Amino acid sequence: MAGDETWVRWNTHHSTQVDVELFGNTLHLAQNPNTNHLGTTVWDSSIVLAKFLEKNAKKGDFARHRLKGKRAIELGAGMGLGGFAFALLGCDTTVTDTAEVISLLQRNYENNLSPAALRGQEMSNTAGHVAVQELDWSNLEHYAPVNPPFDYLLAADCVYHEQIVEDFLRTVLAMTHSKSTVVVVNELRSEAVHSHFTSLFEQYFTIKRTPRSKMDAVHQHSAIDILILRRRKPVEAGGAAATELAVHSAADKQQHGL
């Protein structure tokens, strides 16, 4: 599908369940077509991420033996697909989103990755532990309870508006350490938003675009990039500056009712 301008999407907002084949199993993910909240849909970027992880499970930076026993967090997890894929590779994974999304995310965990759901399946012996927690990027009180830092951070289709990029950066810095790997998968909808994301994040991270040859042959598209981010050095000054920037940004938004 790469480069095909007549894009037939793998999923839309209109169904109540999405079935995704992954690692020889089928994940049954509920979604809610009766809400306007963006988090209650399995977006195509998360499918691209999950199928990328499946393809690269045997060798490379995301091989199963590298992820097993590590800790990961997914920001803006939505219906959980990206984080669940990481967990199926043996990574202990915390999937997070805002209060409006958590109940449906919890249901998807219970139906697919909970001990009860995995009982009797081969992957029950290899999957990592999954936790579901609320995390609002603009609420600093939500940070400590998720127990950062993490070895890996995932975010699929989270960068869609300029106003959230600073909060996103602050959260990424707060959730990671100097050796963490950050995976941002995003569908290009706005050049302005992408430029704002790049200009802010390049101050603190190197950004590498994943070649199409590394992605699943079917589940890829020219509009969706998988970006691998790693901290620049020194991290201390950059992290502090970004945190201060984002705190003021959040305060300004609240003051002006944004």
Side-chain angles (χ1 to χ4, degrees), residues 38-39 45-46 49 61-62 66-67 70-78 82-83 86 91-99 101-102 131-186 190 192-210 225-255 258:
L38 297 175
S45 291
S46 65
L49 171 59
D61 291 343
F62 299 97
R66 291 181 180 271
L67 297 186
K70 300 292 186 179
R71 300 180 67 235
I73 185 169
E74 183 176 16
L75 302 183
F86 244 67
C91 200
D92 292 331
T93 306
T94 300
V95 289
T96 69
D97 215 307
T98 56
V101 179
I102 282 294
V132 179
Q133 290 191 238
E134 180 182 353
L135 177 57
D136 181 336
W137 306 343
S138 65
N139 189 338
L140 300 181
E141 294 181 356
H142 284 188
Y143 287 14
V146 299
N147 194 27
F150 294 85
D151 303 304
Y152 295 89
L153 183 146
L154 318 173
D157 230 348
C158 288
V159 184
Y160 53 85
H161 199 292
E162 285 187 71
Q163 289 186 336
I164 67 172
V165 174
E166 290 173 359
D167 285 342
F168 180 53
L169 172 59
R170 180 188 59 197
T171 308
V172 171
L173 289 167
M175 295 296 127
T176 56
H177 53 70
S178 62
K179 301 295 184 182
S180 299
T181 297
V182 177
V183 184
V184 176
V185 186
N186 218 55
S190 164
V193 173
H194 179 72
S195 295
H196 188 47
F197 161 78
T198 302
S199 64
L200 283 184
F201 271 76
E202 279 186 335
Q203 298 177 55
Y204 311 102
F205 295 90
T206 61
I207 303 176
K208 182 179 179 182
R209 180 178 283 105
T210 300
D225 283 325
I226 300 178
L227 305 176
I228 309 299
L229 285 65
R230 291 186 171 88
R231 290 274 191 105
R232 295 185 184 276
K233 296 181 180 180
V235 296
E236 291 83 2
T243 299
E244 181 178 1
L245 174 66
V247 167
H248 286 306
S249 174
D252 289 343
K253 291 173 190 174
Q254 291 176 357
Q255 180 178 357
L258 298 177

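Index from 1, following the sequence. Only a predicted model underlies this, so the values are computations on that prediction, with no experimental measurement involved.
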Can you tell me how far [atom2] of [Y] sits from [atom1] of [X], rounded to the nearest 0.5 angstrom?
X	Y	atom1	atom2	value
H196	I164	NE2	CD1	10.0 Å
F168	L173	CZ	CG	10.0 Å
F205	T176	CZ	OG1	4.5 Å
L153	E74	CG	CD	9.0 Å
T181	L67	OG1	CG	9.0 Å
C158	D97	SG	CG	7.5 Å

Please list, chain by chain and in numerical order, all residues satisfying side chain to side chain contact (heavy atoms under 4.5 Å, CB included) with [X], sequence neighbours excluded.
X	result
S195	none
T94	I73, T96, A131, Q133, F150
V193	V159, E162, S190

Report yes or no: do R66 and Y152 form a side-chain donor-acceptor pair below 3.5 Å?
no

Check: [Y] main-chain N/O paired with [X] side-chain donor or acceptor under 3.5 Å:
X	Y	value
R232	E202	yes
R71	P148	no
Y143	W137	yes

Is there a side chain to side chain contact (heavy atoms under 4.5 Å, CB included) between L75 and L154 once you walk through the steps?
CA-CA 6 Å; L75 302 183; L154 318 173; over 6 Å; no

Side-chain heavy-atom pair V172, F201 within 4.5 angstrom cut-off
yes

Does the side chain of V146 reach to within under 4.5 Å of the side chain of E134, using non-hydrogen atoms?
no

Check this for me: does any side-chain nitrogen of one of K208 and D61 sit under 4.0 Å from a carboxylate oxygen of the other?
no

Among V185, I207, N186, which one satisfies side chain to side chain contact (heavy atoms under 4.5 Å, CB included) with L227?
I207

Kindly give the heavy-atom pair with the smallest separation between G83 and V95, and that separation in Å.
CA-CG1, 3.9 Å

To check you understand the geometry: which heavy-atom pair defines the closest contact between S138 and R170, and what is its length?
CA-NH2, 3.1 Å

